[in-house]
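Reading through the structure tokens given below for one structure.
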Amino acid sequence: MKTKLALTFALLLPAVTALADDQANAAQTALLAASCANCHGTDGKLAGVIPAIANRPATALENQLMEFKHSDSTRATVMPRIAKGYSDDELKALAQYFSRIGSAQQR
């Protein structure tokens, strides 16, 4: 009986750890996204001169963010400087985060 319990625990531990990691990553990404609110609004939907970023395709957002970070040819004013402060993985996570806002995948 103890062997079965130990085996069950050993098999479940990686799943619990992965869930905790996912929750920590989600919290970290939400914290990173808070800095985007200054210009794009708290939910990425601010209308005006600065484009809304909520519910846009993640690949489009990621490509734009990577271009801001790695290219000198963009016509943006502040985004290249901001994007350079994030790792590529963080930019990808932000793109996925904002792509989910306003969709069923958000929660």
Side-chain angles (χ1 to χ4, degrees):
M1 183 67 153
K2 288 182 182 180
T3 305
K4 286 183 181 180
L5 183 59
L7 180 60
T8 301
F9 181 73
L11 293 173
L12 288 176
L13 186 60
V16 170
T17 303
L19 180 60
D21 287 346
D22 287 347
Q23 290 174 342
N25 288 338
Q28 177 68 23
T29 301
L31 183 63
L32 293 175
S35 66
C36 304
N38 291 327
C39 300
H40 295 281
T42 55
D43 58 1
K45 297 178 183 177
L46 188 64
V49 176
I50 298 170
I53 54 177
N55 205 22
R56 291 191 52 215
T59 54
L61 289 170
E62 182 180 350
N63 289 341
Q64 185 67 60
L65 289 168
M66 294 302 174
E67 185 175 331
F68 285 140
K69 182 176 180 179
H70 297 291
S71 175
D72 292 331
S73 65
T74 63
R75 297 184 316 162
T77 56
V78 71
M79 279 305 301
R81 288 177 276 163
I82 292 171
K84 285 176 180 25
Y86 293 93
S87 71
D88 288 357
D89 288 338
E90 289 170 333
L91 292 175
K92 181 176 182 173
L94 284 169
Q96 291 172 353
Y97 176 87
F98 282 104
S99 73
R100 292 183 189 120
I101 291 180
S103 72
Q105 297 175 356
Q106 182 182 12
R107 303 212 193 285

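Values reported hereafter were calculated over all heavy atoms of this structure, with side chains retained and with hydrogens, waters and symmetry mates removed.
L46 and L61 are not part of a single hydrophobic cluster, where members link through side-chain heavy atoms under 4.5 Å apart. Under the 4.5 Å side-chain heavy-atom criterion for Ile, Leu, Val, Met, Phe, Trp and Tyr, I101 and I50 are members of distinct hydrophobic clusters.
L94 has its side chain within reach of L32: a pair of non-hydrogen atoms, C-beta onward, lies under 4.5 Å apart. Residues S35 and Y86 have side chains in contact (heavy-atom distance under 4.5 Å, counting atoms from C-beta outward).
Between the CG atom of N25 and the OH atom of Y97 there is a distance of 14.0 Å, given to the nearest 0.5 Å. Here the straight-line distance linking atom CG of L91 with atom CD of Q96 works out to 11.5 Å at 0.5 Å rounding. Annotation: the span from M66 atom CE to S71 atom OG amounts to 13.0 Å, rounded to 0.5 Å.
A83 and L65 get closest at one heavy-atom pair: CB-O, 3.9 Å. Nearest heavy-atom pair across T42 and A37 is CA-CB, 3.7 Å. Residue A58 comes nearest to A95 through the heavy atom pair O-CB, 3.5 Å, listed as atom of the first residue, atom of the second, then distance. Heavy atoms only, all atoms of each residue included: G44 and F98 are closest at CA-CE2, 4.0 Å. Smallest separation of non-hydrogen atoms from D43 and A54: O-CB, 3.3 Å.
The backbone N or O of P51 sits less than 3.5 Å from a side-chain atom of H40, completing a donor-acceptor pair.
Applying the salt bridge (Lys or Arg N to Asp or Glu O under 4.0 Å) test to residues at least two apart or on different chains, the pairs with a partner in residues 83-98 are K69-D88.
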